[in-house]
Structures are given as C-alpha cells and as structure tokens.
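Some notes on the structure that comes next.
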Amino acid sequence: MSLLPTPYEFEKQYEDDEELATELPDRPITSLRDLQYLYGRLYTLATAGGGEYASYLTPEKSTDLFDEPESLAVLRVDLSGDEPRLDPEQPVQFRTYTRDLVEPVAHSWFNAARGFDHSITHRTGKGKDPEKIAEYLTERLTAWAADDVIQETVTDHEDGWIVEALAELGEQEDIDDRIQGAVEERLEGSTTALTTVAVKLEPDGEYRLPGACGSDVFNVAMRARKRSKLVSKGEATNSAGQATDLVTGSRGRTVGTAEDPLNYFLGKQLEKFPGFDPNEAWRTHPISEDVAVTLMNASTFVDACSYYTLESNVYYLPYFFGRITPEEARELYRMLHDVVVEDDLTPVEKVYKAYNRDEIHEELATRMRFYVAAVLKHQMKRFDVFGDTLDCTLFHPVGLASAHDAVTNSWVFDADATLPHSDVRPAMPTHENWEMLVADEEYLLGSITNGWYFRTTFAEPDDDQTASADDFRIQALVAALSGDPIPASTVLEEYVERLLDDEGEGFPTFRVATQYAQLCALAEAGLLDGEDESLTKATTYTDQSMTHTTDTRARADGGSDREKREAKLELFLEETPALSSENPERRGGFLLGVLVGQVTGYQQVSEGRSTTLVDQYPIKAITDTKVKRLTSDVIDKDVIYSRDKGLPSTMYGEVVDRIVETLPKVDADGGWSIDTSELRYYYALGVAYGMNNWTTSDEPTEDNEATESAEATDD
C-alpha cells in the first residue's frame, strides 16, 4: 500500500500557493542534485508533511503492516515516578498498526543488516517468535537509548532525561526476563511488527508513543543517529566538514557519504577518482545533512522513473524548466504519482499520454525537461553512469517515433500506397510480423523507450547478459531520449554486423528494411551525425502517393514492366540523398545489390534454383576489391537469362544502364574510398529492394509469358 495521496488530495492539502512556495527550491533546476532535492521535497510533503523532522521519517517502509493483528509491539514504560519502571499491569501491549499511527510511531528505518533503526521504533524481520520480539523490545532500552550518539545528543535537550531514564531502565538486572515473560503472556505464535515504546510522563497521564509524547526528544535523537550514518561508509570514518551546500548555497556542516538514489558518488568508485580519499568526499560533493536526507527521500520517485533495458537502468526524470511554480509542483506531483501507481508503461509513455490531452497540457509540455541517464551495474555496488544529460525534452523520442511512423506510411514501405501501377510493389518489403514496418506512433514510442527499437536492429554483443559501456545500443537509446546525434558511420557498422549474424539463415530482407526505416527516421529526427551531409540528410518520402513517371527509358527492354520499375527506381534515387549521383560509390553498391536481388528473384521464381546469386555474393563477401568481379558476374547472368528468354535486350535494363553509368565515375574519382561497412549496407539495401521489385506479371504463368513475349515482339 502506498501512502502517497492522490493528486487531488495533494492539491487540496497544498492549495495555498504562498505556503507551498516556501517548501520548494528557491532557484531553477540546474543539476541532478537540484532535481533529486525537488523530488525529495515533494515526496516528504506528500507522505510526512512539512516540519523539521519530516524528511528523516520513513512512513512508507511498513505500510504492509497496516491493519495486521499484533503488528505493533509496545513496551509501556512509566516515567512518572522517582524510578523508571515497566507498567506493572501491562508492560507489553500488542496492537494493530494503522495509518493513523504513522505519525505517533515516528519510524525512521535503517538497513537491518547494519544495525537497529534510527528511531526508537524498530521493524522486526518476518515472522518472529515471542523470544525474538522480546529481544527487540529490550534493545529499545539497552541498545537504542544507550547508544553513544543518542546519549550525547540528548544531554543538552530539556527532555533528555526521558531517553536517559529508558537507558537506566535497560540496565536493570532482570529487565530482559520480565519483558520476555510479558511478551510470552500475550503473544502466541509469531508476528512481524514494529517494536517501540510508549511512555507515561505524568502519574495520571496516558502512555504515549514517541511521536505523540509531547516532546521532540525522540525525533531529535533519531535525527542525530541518522545524521551519524551520513559521514561513514566503506573506508570513510568521518567524512564531514564546513563547506557551501551545493543545493541550498548555505555554508555549514556538509557530509560526503550519503546514499544516492542513482548510485552516484559511491564509495566504491575510487577507480573513477584516482587518489581519492573517502574521508574528503565532503569537499568534492558537499551537501548538508538535511539536503542529504532529502535526496535519499527522492528514491521512490526516481526508481519509478527508471526502467531496466539493455542490461542497464535508464532514468528519465521529468521537471519544469526554470524555478518551479506551485502550479507546476502540483502538476509534477501528479505526473510522478501516476508513474508510481501505474507500472504498465515507461515514464516517457505516461508523460506522452498525459501531454496529448489538451492545449493546456501542451503548453506545459513546452516548459518540461527531462534528466536522462543510463547506469550500468558491473559488479556488486559498482556502477558506471553513462549518457548523463539534463536538458532533454519530450519531443525527442516523440519526434523519432513520428518520423519512423511517417516513413513506414510513405510510398517506399506502404503496400497500400498509390503507385503508378497496381501491380508494382513498394520499394521496401513489409510484413505484419515485423511491427516496426507497420507500427503506429504510440507503439514506436514504447519500443524506443524500452530499448526494443535498437535491440532489434543493432548488433548484439557477444555476452548479452552483461552490461557494457561499449554497447552502442545504449548510446543510441540515450541519444533518442536526449536528442544528441550519434555517428551515422557507427550506425551502419552496427547494422552490417547484425546482418552478418542473421545472414546464415538466408538473406535478411525484413531486417534490412527495418534498419532502413530506422535510418530514415533517425535522419529525419536530426539524430545522425557525420561529415558526409548526404548520409545524414533526411529523405523526402513525404507523400503516400508515388505519382512520379518517366519517359526517358520507357519500354527499352521490350516490356511495360520496365517502365513501372524504372519510375519507382528513379524516384527512389531522387528522394534519397545518400544515393544521389554525387555519391557514385554508395549508389553503385546499391544498384549492384538491386541487380543481384532482381536476378536472385528470377532464379528462384523462373529457374527454381535453391542456390542463387545472393548466396554466391552474400553481404560479407562484398568489398571494394570484389566489386568488379561481382559486376561482371551479375551482368553476365542477366544477359544469359535474357537470351534464354528470347528478349531483344537485357532484363532489368533500367538497373544495368545505371550501373554502367555509375561505376566508371568511381574509377574516375580515384577508386573506392568509402568504408566497407557503408558499401556492404547499401549493397544489402539494394538486394532487399531488388528482391521486392517484382510485379504480378513476373510470376511464371502461361498468360504472363505470352503477354511479355507479345510486348517484346511489338517493341
């Protein structure tokens, strides 16, 4: 059960703008620490309210005990007389822990493996028997009240005698036996409980729990103990000093070993800071004790705004640009609350859905920013923070999803597009089982944010179970979320490596098509970087209708099929900057792939061959030194098949003619110079294009063959 109030309840509780403004940071968010502090403040306000000690309490740690019988074990101590004593009639009381008791119990949890809880209230492990429950209750006196830090703290407090009296009671010789007897008298079996004390301070008074006894001495002691844990961890024994708090700007005592919801600045990151002295951590990362605790309280919201993908934790933390207003604080709380209570979508998807509701929210979205980071866990408590960036907007992943959606709905991919002839295929193949080829924007946004968008197109590392900062899929994911471009050349290397892994099971036509849709979308979204502008420039497949026609080469091979194919090829080359005539190497590789794909299709359909030209020239076989041999072989095959069919000219002449025109330009320009991965990728793209470049008349029916023969005769 979550203690977080609903957004409506939060808004009602903090409806006064002036009052809420005093609880918020007094300057804009300029760092991750500022953002964590804001999250921590909102969380504390929601669960424990305002006040001096609220951020030190952990009211949500035991919500699972709500309304459970015997979930609160109370040691009743009478301090109204000359000597502290257990209540003579009912020294131990078992109650049902309820939501109303959260504030009186005043629990401040601490990792049980490292000692008792910070507060006098302590949570037991699961299913403890009476003997163990009695031991926990006794330790409220002998361990907590007698703790050196606590004793030193209460010495100067006007009500410090209360804690000192508890410690004195704990020194009585048979106190443990009396407590155990009292527990066994009232508890049968086992229970999981909060163990605490209730004190009676006046002879005719009532027994009151720590947070409701009329004094803040228990909270003061709790705070002191919690603060003592902020200065020692690992090799650090006292990492504290006078400095300026990097969040509030106030000068005072700062600490260096506070916990971090994102695992930044951990004690075991010594390798990141050679010569680092953990005791001096407060100098490199100075935060005051109150701020450190508030940052720790951000963990609920921070954890909710993260998800696990590609063997790393990706954080996507929303905030508003500039100094946050009370209205924006309520809106941010609503957003974070929704992310916490709903677990079916990533934070990006949830925010996207929220900010597509109406114009008011669209206006707020313009001020919205996100902190994005990927954190890789290498070993136990060893982390690498990767892709850390603060100024992201919702528009980056949405823009990429929209661009991808647009390209798959263009004439290049869409089988329903209006093409010049009803029997002409789109440039790229699609299949309903390949969701990124037929997806909608919302699905794509989800696949981008959960990592699938790059997992399905990029190379898979040798060890897919171990996180690595060299995993380019993570870099691409962070880029997609942050809007920082990635090198186009590296993207092509990743594509080719993935294709080579797939190629053993036949030519990966749909993988190539999926990668190409993604490549177009990355370019359209401005996420590709590189010196060659034509490689990073967006394509112009803007229309669903392919209305382009050509009359320059019509029917040269004796059939109308060529005219249909030529119109499509000419438009594809025209609207693809990377394949312009100014890029003969890339264009030449693509055209060779087209012809290989066309001839392969002919061999499969008309020749019934199981081993085809693409098997002879797979992607991995393509290098600049083998291009001439490939060119000769594929044209020879085309000529032979043309003669076998009795055609007056060469099949697929629109491709052959362009190959003959293009490749000599490469030699004229000084030979092949593009990277092998680039050459292989555009060759693969050409093969996918060519294998999909058939018309219904290509099917080996008797009627089609007769028609084609007649057309050839007419020409």
Side-chain angles (χ1 to χ4, degrees), residues 14 16-46 48-57 220 223-224 226-231 233 236 238-266 269 273 276-299 301-302 315 317-330 332-333 336 367-371 373 385 388-392:
Y14 297 103
D16 188 312
D17 283 356
E18 187 174 344
E19 179 182 345
L20 180 56
T22 62
E23 301 286 355
L24 302 174
D26 60 358
R27 67 188 182 91
I29 302 297
T30 57
S31 69
L32 172 62
R33 289 290 178 255
D34 289 338
L35 181 54
Q36 288 177 307
Y37 182 74
L38 173 60
Y39 278 22
R41 288 299 304 147
L42 290 177
Y43 175 82
T44 300
L45 289 172
E52 189 176 357
Y53 308 105
S55 60
Y56 288 81
L57 301 176
V220 169
R223 183 176 61 185
K226 191 164 187 174
R227 284 179 170 181
S228 71
K229 301 300 180 183
L230 304 177
V231 299
K233 180 187 294 182
N238 186 26
S239 183
Q242 295 293 316
T244 299
D245 184 300
L246 57 81
V247 174
T248 64
S250 301
R251 186 166 180 80
R253 176 181 165 88
T254 62
V255 294
T257 62
E259 295 179 13
D260 184 339
L262 269 77
N263 297 307
Y264 274 34
F265 299 100
L266 291 180
Q269 288 185 320
F273 307 96
F276 176 69
D277 180 354
N279 271 328
E280 299 295 314
W282 62 273
R283 293 181 184 274
T284 57
H285 185 240
I287 51 175
S288 66
E289 293 155 319
D290 286 344
V291 169
V293 172
T294 303
L295 297 184
M296 293 160 64
N297 286 346
S299 60
F301 290 150
V302 169
Y315 294 88
L317 311 181
Y319 68 98
F320 287 99
F321 181 77
R323 182 179 177 183
I324 191 168
T325 66
E327 178 192 8
E328 291 169 340
R330 298 185 193 102
L332 182 60
Y333 176 79
L336 296 173
R367 284 177 40 77
M368 176 149 284
R369 299 291 186 274
F370 295 87
Y371 167 84
V385 181
D388 178 20
T389 183
L390 188 65
D391 191 27
C392 302

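Excluded from the calculations below are hydrogen atoms, water molecules and symmetry mates; all remaining heavy atoms, backbone and side chain alike, are included. Please read these numbers as outputs of a predicted model, since none were measured by experiment. Sequential numbering from 1 along the given sequence is applied to the chain's residues.
- Residue A21 comes nearest to P326 through the heavy atom pair CB-CG, 4.1 Å, listed as atom of the first residue, atom of the second, then distance.
- Legend: residues meeting side chain to side chain contact (heavy atoms under 4.5 Å, CB included) with S55, ordered by chain and number and at least two apart, are T44, V293, T294, N297.
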Checklist line | Pair L246-V291, side chain to side chain contact (heavy atoms under 4.5 Å, CB included): steps then yes or no | finding: CA-CA 9 Å; L246 57 81; V291 169; over 6 Å; no
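- Residues E52 and D290 have side chains not in contact (no heavy-atom distance under 4.5 Å, counting atoms from C-beta outward).
- Formation of a donor-acceptor pair under 3.5 Å by the R330 side chain with backbone atoms of Y14 is found in this model.
- With hydrogens and angles disregarded, no donor-acceptor distance shorter than 3.5 Å links the side chain of T244 to the backbone of S250.
- R369 places no side-chain N or O within donor-acceptor distance of the main-chain N or O of Y319, the cut-off being under 3.5 Å.
- Under the side-chain contact (heavy atoms from CB on, under 4.5 Å) rule, L20 has a single partner from D17, L24, T22, which is L24.
- Across all non-hydrogen atoms, the minimal contact from S31 to L390 is N-CD2, 3.9 Å.
- Smallest separation of non-hydrogen atoms from V255 and A292: CG2-CB, 4.1 Å.
- Residues W282 and T254 share a closest heavy-atom pair of CE3-OG1, 3.6 Å.
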Note to self: Under the criterion side chain to side chain contact (heavy atoms under 4.5 Å, CB included), I'd like the reasoning laid out for I324 against R41: C-alpha separation, chi angles, the key distance, then a yes or no.
What the structure shows: CA-CA 12 Å; I324 191 168; R41 288 299 304 147; over 6 Å; no
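- Of all heavy-atom pairs between E328 and F320, the closest is O-CE1, 3.4 Å.
- In this structure the side chain of E289 never reaches within 4.5 angstrom of the side chain of R223, judged on heavy atoms.
- Qualifying side chain to side chain contact (heavy atoms under 4.5 Å, CB included) partners for D16, counting only residues two or more places apart in sequence or in other chains: E18, E19.
- R323 pairs by the side chain to side chain contact (heavy atoms under 4.5 Å, CB included) definition with D26, P28, not counting sequence neighbours.
- Across N279 and N238, no two heavy atoms sit closer than the pair OD1-N, 2.9 Å.
- When atom types are taken as modelled, the side chain of R27 and the backbone of V247 share a donor-acceptor pair closer than 3.5 angstrom.
- The CD1 atom of I29 lies 10.5 Å from the CD atom of Q36; values are rounded to the nearest 0.5 Å.
- For the atom pair T30 OG1 and D391 CG, the distance stands at 12.0 Å (nearest 0.5 Å).
- The CG atom of L295 sits 11.5 Å away from the CD atom of E259 when rounded to the nearest 0.5 Å.
- Between the OH atom of Y43 and the OH atom of Y333 there is a distance of 10.0 Å, given to the nearest 0.5 Å.
- Between the CZ atom of F301 and the CG atom of L35 there is a distance of 12.0 Å, given to the nearest 0.5 Å.
- Taken from CG in L336 to CG in L38, the straight-line distance is 8.0 Å, to the nearest 0.5 Å.
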